[in-house]
Amino acid sequence: MNEYVPILALGAVAVAFAVFSSLVSSLAGPSRFNRAKLEAYECGIQPTPQPVGGGRFPVKYYLTAMLFIIFGIEILFLYPWAVHFDNLGLFGLAAMALFVFNVSVAYAYEWRRGGLSWD
């Protein structure tokens, strides 16, 4: 248990600092609200009105997000595999081949749905 005391102490200091900072900023900071401060900021462009239930996002948005997820997960698993490639042997090669096949299926789906055409 003595090994975890510094980690717990650091966590306690982090939580205390976050709570203290939030309390001090809410007490000491100005609280003058106006309409401009409460509006969404869109890089200097006037906000476009949205329907009451929220607007519908085009499918292209989700396809682009899916591309980031696919390649992020691929890189996340390829780096440790490349570092320990010699130690893993044939099992590591087969496991990574299966993983790359699964990623390529997701990539092919993305390609068929038109997620790679940037028009």
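When hydrophobic clusters are built by joining Ile, Leu, Val, Met, Phe, Trp and Tyr residues whose side-chain heavy atoms come closer than 4.5 Å, directly or via intermediates, L90 is grouped together with F77. Connection of L98 to I73 is not established within any shared hydrophobic cluster, with ILVMFWY side chains joined at heavy-atom distances below 4.5 Å, either directly or through further cluster members.
In this structure, S25 and S22 approach most closely via the heavy-atom pair OG-O, 3.0 Å.
Between Y109 and M66, the closest side-chain pair of non-hydrogen atoms falls below 4.5 Å. Annotation: side chain of L88 is not in contact with side chain of L93 (no heavy-atom distance under 4.5 Å).
No side-chain donor-acceptor contact under 3.5 Å links W81 to the backbone of M96. The backbone N or O of A18 sits nowhere less than 3.5 Å from a side-chain atom of S21 that would complete a donor-acceptor pair.
Between E74 atom CD and Y107 atom OH the span is 10.0 Å, to the nearest 0.5 Å. Between E110 atom CD and Y62 atom OH the span is 14.0 Å, to the nearest 0.5 Å. The distance from atom CD1 of I70 to atom CD1 of I75, rounded to the nearest 0.5 Å, is 12.5 Å.
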